[in-house]
Structures are given as C-alpha cells and as structure tokens.
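Reviewing the structure listed below.
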Amino acid sequence: MRLLFLCLLLLVVVSSSLQQCSGLLLSLSNALASLRRSNDPSIHRLLRSSSLRSAARHQRHRGRRCAHRVPPPRHRQLSLPLAPGSDYTLSLSVGPPSVASTVSLFLDTGSDLVWFPCAPFTCMLCEGKPTAGNNSSPLTPPTDSRRISCASQLCSAAHSSAPTSDLCAAARCPLDAIETDSCASHACPPLYYAYGDGSLIAHLRRGRVGLAASMAVENFTFACAHTALAEPVGVAGFGRGPLSLPAQLAPSLSGRFSYCLVAHSFRADRLIRPSPLILGRSPDAAAIGSSETDFVYTPLLHNPKHPYFYSVALDAVSVGETRIQARPELGYVDHAGNGGMVVDSGTTFTMLPSDTFARVAEEFARAMAAARFTRTEDAEAQTGLAPCYHYSPSDRAANRAVPPLALHFRGNATVELPRRNYFMGFKSQEGRPVGCLMLMNGGGDDDDDDGGGPAGTLGNFQQQGFEVVYDVDAGRVGFARRRCTDLWDSLSRG
C-alpha cells in the first residue's frame with residue numbers, strides 16, 4: 001500500500017487523516033441541507049428545476065465545438081434556478097493563514113476551472129438564486145495573490161491552448177518583447193467560461209489555497225470572476241485539465257480521488273452526514289461491509305477535443321430481464337470529441353440519447369403496466385420527468401413490482417442501481433403519492449441535432465450510495481455500493 005504522506009511532505013503539512021493511507025478527507029455538503037433552515041419547497045418543484053438544469057447542462061456539453069471556452073449560444077440564455085439536490089459543495093480557504101477567507105464552491109467533474117466571485121462582482125440574472133455555505137459576499141482578491149503572466153502555459157490552457165504570442169499581444173505586450181519572450185510582466189487576458197446554465201468572465205490569479213486544516217497549496221492557480229451570468233456561486237473544477245483542483249496537488253493526491261454521495265431523495269432530513277470526498281484515495285484501502293460491493297471498473301475513453309471530460313463507454317441498459325443495447329455513439333469518442341458518456345458530478349439526472357431513452361422508457365412502462373401501475377401525466381408535467389405513475393413508497397408489494405434497472409459499462413462493469421436511484425416516490429402538487437423514472441431524454445439522434453459532444457451523461461442522482469473513484473493514473477472509473485454515512489464516520493474517526 002502506497003504511503004501517501006511521504007509524498008505530501010514535499011508540499012503540505014500532514015494530518016493524522018493521512019496516516020492510515022486512506023487519502024485526504026474533505027466534506028461535501030448538498031445544497032438541499034440548507035432547506036432545513038429555510039422554507040422547504042415541494043419536491044415536485046425541486047425535481048422540475050433539477051430536470052431543467054440537467055437538460056441545459058447536457059445540451060451545453062453537446063454544443064461545445066471549441067474546447068470548453070465557447071462562443072455565446074445562438075439562443076437566448078435562460079436563467080435556471082440553482083436547484084437544491086443538484087449541487088454538492090466543498091469549502092476552501094483562500095489567502096494568507098492570518099486573514100484567510102472561506103469560500104464554498106460547487107464540485108464539478110465536468111469542468112476544469114476553480115473560480116469564485118471577487119469584489120467588485122456583478123451577477124446578471126441572479127435574483128433569487130441562493131448562495132452556497134457562507135458565501136455572503138464576494139471575496140476581495142487575496143493580498144498574497146497575483147495575476148499570472150500571459151506567457152504562462154496555464155494562461156494558454158485557460159484560453160483553449162491559444163499561443164502565448166497571441167495572448168501576450170492581447171495583453172498589449174510590445175512586439176519586440178513578444179519576439180524575445182519577454183512578456184512575463186504582462187498579465188493573462190480575461191477568460192470567458194460557460195456552463196449549461198450560465199457563464200462568467202474572470203482573471204487568473206495565483207496564491208495560497210487551503211483544502212483542509214492539514215493542507216495548503218502556496219501557488220494554486222484560480223480564477224477571480226468579476227462578472228457572471230446566472231452563476232452567483234463559484235465552482236471547483238475536478239476535470240482532467242491542468243487548471244483543475246486535483247491537477248494542482250501533489251502527485252500522490254492528483255492521480256486518484258473518489259466521493260460517496262449520501263442518498264437524499266430530495267429530502268433535507270436525510271442529509272445527516274456530509275458526503276465524503278477523498279483525494280488520493282486508494283480503493284484497496286476501502287473496507288467492505290456486508291451490504292457493500294467491490295469496485296467494478298470501466299476504462300476511461302480518450303477525448304481529443306474535450307480532454308477534461310471523464311468519458312466512459314455505456315454498452316447497454318437492463319430493465320428487468322431485458323437488456324437494451326445502447327446506441328453505438330455511447331461506446332466511443334471520435335476525433336471531434338463526439339460520443340461516449342460523461343461521468344459528471346454537476347448534472348443531476350442521467351441523460352441518454354433519444355433512441356436509447358425511448359427504448360428504456362418503453363420497456364419500463366411495459367413492466368409497470370404489467371404490474372398494474374397507472375400512469376399520471378400531471379406528475380410528468382409538474383416535474384419534467386417521464387414516465388410517472390401513481391405509487392406509494394410505503395407499499396412493499398408495489399416496491400417489489402418496480403422492475404430493477406442496471407447500467408452495463410465497457411469492461412464487464414455492471415452497476416445495479418438501487419430503486420431510489422432510478423424510480424423515486426414523492427407527493428405530487430395535489431398531494432397524491434406518485435413516482436417517476438429518474439432518467440432523462442438527452443436528444444441527439446435526429447438529423448436536426450447539430451451539437452455533437454458527449455452522447456450521454458451519468459448524473460449525480462444515479463451515483464448516490466456508490467463510492468465513485470476517478471482513477472486517472474490507471475485510466476479508469478470505478479463504482480462500489482457503499483453506506484456513505486458509514487464511510488464518512490469511518491474516515492473522519494481516522
């Protein structure tokens with residue numbers, strides 16, 4: 001077993017949490033937990049907002065043609081709500097230890113930039129949107145931080161690998177200095193960054209960022225945003241790019257991380273523990289309980305156009321005893337970056353291509369009809385999910401009649417989803433007990449779809465109750481059933 005703390009001595013102060021070689025433990029909080037201290041909206045409204053954001057984020061991924069810094073969309077930008085239940089946050093400290101500020105950021109494995117609002121900060125279309133954690137106001141740019149140079153490779157990475165000569169010209173570096181590589185004193189130009197439901201303009205800075213009481217990185221590169229559209233909260237990008245949070249850590253931490261998302265079913269009272277995020281986690285160190293499973297692994301697919309994505313191949317979906325073959329584009333990524341399924345912590349619901357979703361939904365509906373469940377179109381209209389049925393979660397016979405569902409990934413990696421991960425019961429707007437299939441139609445099969453990009457997205461709702469390990473060193477993603485609250489208790493006691 002690798003002794004992680006030996007490598008960490010090069011960069012950080014090591015705490016006892018590393019001494020058991022289980023990695024550096026951080027806590028993830030779900031935005032839903034804040035509802036325990038505020039007005040709890042109806043679940044159908046949370047489902048509606050989450051389905052809207054999932055669709056918008058997936059379509060934005062599909063519309064990306066020029067890496068992840070993209071041109072404005074052709075259609076009007078919509079302001080979608082930050083949906084509690086969609087987002088998981090972690091806290092970082094920024095600035096010198098004596099005056100460090102704490103900032104809560106959304107965890108996002110589908111992007112590769114760490115950014116937060118900096119004063120002065122203007123956020124358009126942000127009225128009524130909640131902030132995360134203790135982000136009551138934008139941070140003043142930390143006193144120990146500095147703008148990075150236009151000649152930096154990280155500046156180039158932030159601008160879709162644009163040549164440093166072009167970036168330094170944009171930074172008004174004189175021609176003779178560009179020709180002699182003497183533009184170090186000129187700051188990297190502002191960058192534009194877009195998500196599924198918003199965008200921002202920011203400056204790259206370098207300074208001290210603390211991940212835990214035990215660990216700080218002195219020359220961490222982050223983005224200070226002064227203008228944003230529908231994005232009032234910062235993001236910790238965990239994608240595969242050089243600007244992501246894992247990429248800027250010591251090698252013993254950057255090559256592998258995992259998280260275990262506590263199952264909540266959009267109920268705040270179920271979030272009694274944080275969800276553990278483990279940097280440098282070795283799957284071999286995981287204890288297996290009686291209700292837990294070993295990891296199953298699927299290889300990462302190389303994505304030449306969008307290298308920051310964690311793309312995998314989905315071969316099939318099983319509903320009951322019926323195995324439904326996935327569309328071919330879910331099994332590969334072409335030279336233009338199209339295809340594959342992205343494992344994404346920032347999207348709520350799993351998105352499947354239209355044809356694959358239609359066959360899964362049709363088989364699910366056939367099995368539900370055979371079990372005498374009746375369809376409710378009202379719940380479908382209220383949530384944006386389908387199919388939905390009259391269903392009481394407390395009815396054990398009804399629970400047994402819901403067909404099982406499994407995802408089959410390349411490498412013989414079968415992930416059998418708990419029922420609550422794909423069919424969830426809740427009260428409709430009229431107060432009636434209903435349940436809906438928690439997968440969505442991601443489009444992309446017809447000739448009118450000109451987006452390209454990922455064919456599917458594995459959302460965080462389907463990842464609940466699993467430890468998901470992103471093993472970049474070994475080129476794979478793994479899944480194992482876990483009691484995430486027990487995993488948190490075990491690791492936090494260490």
Side-chain angles (χ1 to χ4, degrees), residues 28-35 41-62 78-90 105-111 129-130 132 195-198 230-231 233 235-238 259-268 270-271 275 277 309-310 341-352 357 360-361 379-380 382-386 388 405 407 415 417-426 435-443 454 456-466 468 479 484:
L28 293 175
S29 299
N30 192 293
L32 184 66
S34 64
L35 298 181
S42 300
I43 288 181
H44 69 269
R45 294 178 181 173
L46 296 177
L47 293 174
R48 181 66 177 174
S49 58
S50 294
S51 65
L52 285 172
R53 291 192 70 226
S54 296
R57 183 177 174 89
H58 178 70
Q59 291 305 319
R60 191 53 177 264
H61 282 169
R62 288 189 57 77
L78 297 177
S79 176
L80 299 174
L82 286 173
S86 299
D87 306 297
Y88 292 83
T89 64
L90 69 154
L105 307 178
F106 289 131
L107 170 73
D108 185 14
T109 59
S111 64
K129 287 196 171 187
Y195 298 94
D197 55 353
E231 292 287 347
V233 180
V235 172
F238 268 64
Y259 53 67
C260 194
L261 304 180
V262 174
H264 57 73
S265 299
F266 288 88
R267 287 178 49 183
R270 295 189 177 181
L271 295 168
S275 295
L277 167 65
F309 280 152
Y310 296 99
M341 171 170 271
V342 174
V343 185
D344 186 11
S345 69
T347 299
T348 308
F349 299 127
T350 291
M351 313 293 294
L352 297 172
F357 174 80
V360 169
E380 294 171 5
Q382 292 167 13
T383 62
L385 299 167
C388 296
L405 191 146
L407 305 175
V415 178
L417 297 180
R419 185 183 61 253
R420 65 190 177 196
N421 284 29
Y422 65 91
F423 186 76
M424 192 190 83
F426 59 96
C436 295
L437 181 66
M438 310 296 275
L439 308 177
M440 291 187 65
N441 183 347
T457 301
L458 180 64
N460 64 45
F461 194 84
Q462 280 66 50
Q463 298 175 45
Q464 292 179 101
F466 288 87
V468 182
F479 304 89
C484 297

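Since the model is a prediction, treat every value here as computed from it, not as a measurement. Atom set for the values below is all heavy atoms of this structure, side chains included, hydrogens, waters and symmetry mates excluded.
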Please report the C-alpha distance between Thr89 and Val233 in whole Å, then the side-chain angles of each, then the deciding distance to 0.1 Å, and finally whether the side-chain contact (heavy atoms from CB on, under 4.5 Å) criterion is met.
CA-CA 10 Å; Thr89 64; Val233 180; 5.6 Å; no
Would you indicate whether the side-chain heavy atoms of [Y] and [X] approach each other to under 4.5 Å?
X: Leu46; Y: Phe426; value: no
X: Thr109; Y: Val343; value: no
X: Arg48; Y: Leu385; value: no
X: Met424; Y: Cys436; value: no
X: Tyr88; Y: Ser345; value: no
X: Ser275; Y: Asn30; value: no
X: Ser51; Y: Phe349; value: yes
X: Phe466; Y: Leu261; value: no

Checking Leu352 against Met440 for the side-chain contact (heavy atoms from CB on, under 4.5 Å) test, could you report, in this order, the C-alpha distance in whole Å, the side-chain angles of both residues, the deciding distance, and whether it holds?
CA-CA 6 Å; Leu352 297 172; Met440 291 187 65; over 6 Å; no
Are the side chain of Gln462 and the backbone N or O of Asn421 linked by a donor-acceptor pair below 3.5 Å?
yes
May I ask you to decide if Gly459's main-chain N or O and Gln463's side chain share a donor-acceptor pair within less than 3.5 Å?
yes
Check the pair Met341 / Leu407 against side-chain contact (heavy atoms from CB on, under 4.5 Å), numbers first and verdict last.
CA-CA 12 Å; Met341 171 170 271; Leu407 305 175; 5.8 Å; no
Side-chain donor-acceptor pair under 3.5 Å between Thr347 and Arg57, yes or no?
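There is such a pair (donor and acceptor under 3.5 Å, judged by atom type) between the side chains of Thr347 and Arg57.
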